[in-house]
Protein chains: 2
Amino acid sequence: MNNYMQIHKYLKQFDIKPSVQRTAVMEYLLAHKTHPTIEEIYASLSPQMPTLSKTTIYNTLNLFVDKGAVLQLAIDEKNARYDADISDHAHFMCNSCGKVYDLFSLNKELFKKPALEGFDINSVEISYSGICSSCKNLN
Amino acid sequence: MNNYMQIHKYLKQFDIKPSVQRTAVMEYLLAHKTHPTIEEIYASLSPQMPTLSKTTIYNTLNLFVDKGAVLQLAIDEKNARYDADISDHAHFMCNSCGKVYDLFSLNKELFKKPALEGFDINSVEISYSGICSSCKNLN
DNA sequence: ATTAAAATTACAAAAGATAATCATTTATTT
DNA sequence: AAATAAATGATTATCTTTTGTAATTTTAAT
């Protein structure tokens with residue numbers, strides 16, 4: 001089975017009807033764990049798919065988020081960023097270079113949903129920001 | 001000492017030069033712990049200060065955030081929200097009504113900055129979202 | 001295989017939030 | 001008080017995201 005069909009199957013697990021565009025976006029997200037913005041995804045895919053529109057990227061990602069297949073990160077106030085890794089992990093954003101790092105090794109207790117009387121918690125987002133080591137070593 | 005002077009003193013603690021506008025914005029934030037948006041702050045203050053401009057609200061809040069006097073929350077993707085309570089606490093945003101709740105009673109361990117090799121962490125943001133009890137009881 | 005209906009996509013335009021510019025006002029220093 | 005610096009306000013510009021609508025593609029039915 002080729003990669004394209006694997007992603008079809010993957011999308012169907014989230015109750016998402018596959019299309020060429022949706023498959024391409026998910027393939028991109030699974031291959032680029034850099035928490036890309038809409039713009040980056042569009043810029044990367046549009047050469048191969050000249051008719052692709054940015055609206056479709058927006059629609060597709062909103063659908064993915066609704067279906068729980070992708071996380072929309074709020075860590076970057078400027079642009080929404082997307083992450084196909086939906087396992088428990090936190091993020092660190094560098095205020096200098098803007099890069100978003102994954103933090104997998106934190107205590108899993110952090111991601112537990114606290115019991116809040118009468119509240120239903122859907123999502124937990126843990127974000128750190130500061131200066132990354134690359135930027136720190138530049139001066 | 002009146003309230004206006006108290007806020008003057010408070011701003012100076014953060015190395016912020018007080019002005020009529022800055023004092024009014026900080027006074028508003030200290031009195032309204034609802035994590036207001038720029039728009040809400042402007043709408044509330046502008047009747048009393050007819051010449052107040054939205055630019056000043058933006059400038060003032062950016063200054064407050066830079067000086068560490070106010071937190072800018074990323075929890076709401078639509079608008080930046082501001083919080084004058086800079087003590088360790090998390091937030092819950094209701095996806096139905098949009099209200100942002102404070103969560104003070106969580107384990108303080110959550111707010112510890114993890115040791116990341118070579119990284120300097122400035123800020124920690126812990127955000128939950130879902131449906132609040134008021135909205136849950138509406139249907 | 002045709003046709004009709006539904007879903008998806010694409011383009012254009014609009015809306016909304018934030019930033020940049022610059023003139024004006026206010027505060028500070030000499 | 002004059003000169004300088006800082007803060008404010010009005011306007012404009014930019015950028016992200018959403019919306020409306022039409023075209024296209026897919027699905028289902030005959």
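Because the structure is a prediction, the values reported are computed rather than measured. In what follows, chains carry the letters A, B, and so on, assigned in the order in which the sequence lines appear, proteins first and then strands, with residues in each chain numbered from 1.
- Panel note: side chain Arg22(B), backbone Ile16(B); no donor-acceptor pair is recorded below 3.5 Å.
- Regarding Met49(A), its CE atom lies at a distance of 12 Å from the C1' atom of dT8(C), rounded to whole Å.
- For Thr56(A), a side-chain nitrogen or oxygen approaches OP1 or OP2 of dA10(C) to under 4.0 Å.
- What separates CZ of Phe64(B) from C1' of dA7(D) is a distance of 13 Å, to the nearest Å.
- In this structure, the nucleotide among dT8(C), dA7(D), dA17(C) sitting nearest to the side chain of Arg22(B) is dA7(D).
- Ranking dA7(D), dT18(C), dA10(C) by closeness to the Lys78(A) side chain, first place goes to dT18(C).
- Within the 4.5 Å cutoff, the side chain of Tyr128(A) has heavy atoms near those of the Pro114(B) side chain.
- Distance from the side chain of Ala80(A) is smallest to dT17(D) among dT9(C), dT17(D), dA10(D).
- Set against dC11(C), dT17(D), dG9(D), the side chain of Ser53(A) has dC11(C) as its closest nucleotide.
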Exercise answer: donor-acceptor pairs, residues 23-32 of chain B side-chain atoms, under 3.5 Å, sequence neighbours excluded:
residue, atom, partner, partner atom, Å
Thr23(B), OG1, Ser19(B), O, 2.6
Glu27(B), OE2, Asn3(B), ND2, 2.7
His32(B), ND1, Tyr28(B), O, 2.9

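- For the OP1/OP2 pair of dT8(D) and a distance below 4.0 Å, the side-chain nitrogens and oxygens of Ser19(B) include at least one atom meeting the criterion.
- Not one side-chain nitrogen or oxygen of Gln21(A) sits closer than 4.0 Å to the OP1 or OP2 atom of dT25(D).
- The side chain of Leu52(B) lies closest to dG9(D), out of dG9(D), dT9(C), dT16(D).
- Here dT11(D) presents its C1' atom at 13 Å from NZ of Lys54(B), a figure rounded to the nearest Å.
- Atom CG of Asp76(A) and atom P of dT16(D) are 10 Å apart (whole Å).
- Counting to the nearest Å, the P atom of dA15(C) and the CD atom of Glu39(B) are 16 Å from each other.
- Of all nucleotides listed (dA10(D), dT9(C), dT16(D)), dT9(C) comes nearest to the side chain of Asn59(A).
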Restricting both atoms to N or O, compile the protein contacts to nucleotides 25-30 of chain C shorter than 3.5 Å, with distance only.
none

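- Within the 3.5 Å criterion, the main-chain N or O of Lys78(B) finds a donor-acceptor partner in the side chain of Asp76(B).
- Here dT18(D) is the nucleotide among dT18(D), dA19(C), dA10(D) with the atom lying nearest to any side-chain atom of Asn62(A).
- Connection of Phe92(B) to Ile75(A) is not established within any shared hydrophobic cluster, with ILVMFWY side chains joined at heavy-atom distances below 4.5 Å, either directly or through further cluster members.
- The CD1 atom of Ile57(A) sits 18 Å away from the C1' atom of dT19(D) (whole-angstrom rounding).
- Formation of a donor-acceptor pair under 3.5 Å by the His35(A) side chain with backbone atoms of Val100(A) is found in this model.
- Atom pair Asn79(A):CG and dT17(D):C1' shows a separation of 10 Å (rounding to whole Å applied).
- For Lys33(A), the NZ atom counts as densely surrounded, since its 6.0 Å shell holds more than 12 non-hydrogen atoms of other residues, nucleotides or ligands.
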Could you pull out all donor-acceptor pairs under 3.5 Å where a side-chain atom in residues 40-51 of chain A meets a protein atom, sequence neighbours excluded?
residue, atom, partner, partner atom, Å
Glu40(A), OE1, Thr37(A), N, 3.0
Gln48(A), NE2, Ser44(A), O, 3.4

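- Put simply, CG on Asp15(B) is 13 Å from P on dA6(D), counting in whole angstrom units.
- Thr51(A) comes within 4.0 angstrom of the backbone, heavy atoms only, and of no base.
- For Tyr58(B), the listed nucleotide lying nearest its side chain is dT18(C); candidates were dT18(D), dT18(C), dA7(D).
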